[in-house]
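A short write-up of the structure that comes next.
Starting from 1, each residue takes its place in the sequence as its number. This is a predicted model, so every value here is computed, not measured. Counting convention: from 1, in listed order, for ligands and their atoms alike.
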Amino acid sequence: MSEENLQPESDKKDGIGGINILNITDPTFKEPLEDVHTANLPIAGCGWIDTKEGVVLIDTLIDPRAAEKVMGRIKGTIKCIIYTHGHMDHVSGTEAFMKDNPEVIASKYLPDRLDRYEMLAPYRNLISAMQFNIPNFDRAIRKVVRPTKTFLGDMTFTLGEKTFELHTARAETDDVCWIHVPELKAVFIGDLIIGNQFPNIGNPWKPTRFALDWAKELERVRALDPEHVFCNGAAIHFKGKKAKKALDANIEVIRSMHDQVVEFINQDMHITEMIHAVKIPEHLKRSPFLKRYYSRPEFFVFNVYRWYHGYFDHNPAHLLPRPEKEVMNEIFGLIGDSKKIIKKSEELLSKGQPQLALELLDVLIQAKPDNIEALKLRMKLLKTIGENDKCLMSRNSWHYFINQDKKTIRSLRKNE
Ligand SMILES: [Zn+2]
């Protein structure tokens with residue numbers, strides 16, 4: 001995933017432009033090494049390796065139309081498809097490559113992931129709308145070709161003159177499978193690195209990811225001293241010194257931030273303080289391998305915290321809480337005046353505290369969800385927070401909720 005794919009649409013008067021990386025279906029093709037080919041879409045890519053006895057394909061892209069275009073480029077019989085993990089942008093195009101009945105290899109846990117996606121289809125449509133700036137409608141779940149062979153641990157096979165060493169791991173997902181091809185001095189590591197972006201360890205909508213195991217797995221990759229690192233499904237290629245530097249930067253930032261979270265958990269620091277206290281090491285802040293255009297450090301902190309820590313934040317008021325709405329209603333009853341809350345929120349905004357203003361305004365919006373003035377102010381706050389935010393996941397969230405408020409205001413006016 002590179003920076004040019006992560007540019008937002010231009011801002012509007014009453015909102016901010018979102019970032020859409022799912023709307024491009026024309027892959028870019030490259031042949032970075034002899035016998036190695038890659039096809040890249042903004043969100044993910046795939047790669048294939050020619051051998052004297054056929055082709056091994058790694059990942060199958062998100063879009064079946066793009067997959068057809070890749071199929072048109074592959075010469076030789078596809079003998080084997082390997083899924084680096086079960087995220088939909090890596091497994092959705094497989095149908096296009098099944099003509100010669102290849103073996104489809106994946107981690108033992110990958111089919112469970114596909115089952116979960118089917119089970120949670122409506123929820124996943126909703127969160128995709130927030131995360132990816134796409135309309136929320138009842139998309140039928142895309143039927144993914146299931147693996148014909150699954151395994152856990154290490155597995156090696158040869159095809160023609162090349163060896164394929166496969167290793168399962170827990171990192172971005174629990175169903176990672178990365179590949180080492182010693183004859184090419186190359187590793188294909190899926191999303192263990194997402195190009196030049198800060199690792200996608202914390203996603204606000206998704207289950208926790210495996211930070212410590214992730215660092216250890218990258219250390220295992222580094223120990224092979226690969227000349228070529230192919231990531232993001234295979235389409236992003238780091239070579240030589242750059243490969244080593246990308247591995248070093250990712251490992252160090254994960255280890256450092258993970259250890260800070262652990263230390264703060266042991267100090268019983270509250271999570272809302274922790275997300276501001278944990279820092280990227282100074283010398284890595286401007287690393288060309290850790291740009292924060294996809295994920296961001298606060299999400300990382302939440303993620304590691306959730307992995308080690310229960311929901312309870314050690315405030316007795318939060319062990320068995322009443323519904324939030326009920327509590328906000330009581331607080332609002334004491335304040336008793338919408339104008340007072342709006343005035344204070346505007347004051348906080350003018351002092352450069354839009355997040356604090358947003359949380360205060362929430363008392364009013366929860367108590368009086370049809371207060372148009374409050375909704376308009378919230379749009380303004382979200383715009384202020386969002387317009388300087390370059391991170392795809394948070395920027396698209398601000399964008400999504402501005403549009404939700406816009407819709408609510410429109411329907412309230414219609415009913416007036
Ligand atoms: Zn992924």
Side chain His270, main chain Thr272, donor-acceptor under 3.5 Å
yes
Lys/Arg cation over aromatic Tyr117: Arg124, 6.0 Å, 45° cone:
yes
Heteroatom of Asp191 nearest to the Zn ion (ligand 1) (N, O or S, atom name)
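Looking at Asp191, the N, O or S atom with the least distance to the Zn ion (ligand 1) is OD2.
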Of all N, O or S atoms in Glu172, identify the one at the shortest distance from the Zn ion (ligand 1).
OE1
Looking at the Zn ion (ligand 1), is one of the N, O or S atoms of Asp89 less than 2.8 Å from it?
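So Asp89 does not count as coordinating the Zn ion (ligand 1).
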In this structure, is the centre-to-centre distance between the rings of His228 and Phe188 below 6.0 Å?
no
Tyr305 and Phe264 aromatic centres sub-6.0 Å:
no
Taking the Zn ion (ligand 1) as the vertex, measure the angle between atom ND1 in His87 and atom NE2 in His85; round to 10°.
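About 100°, to the nearest ten degrees.
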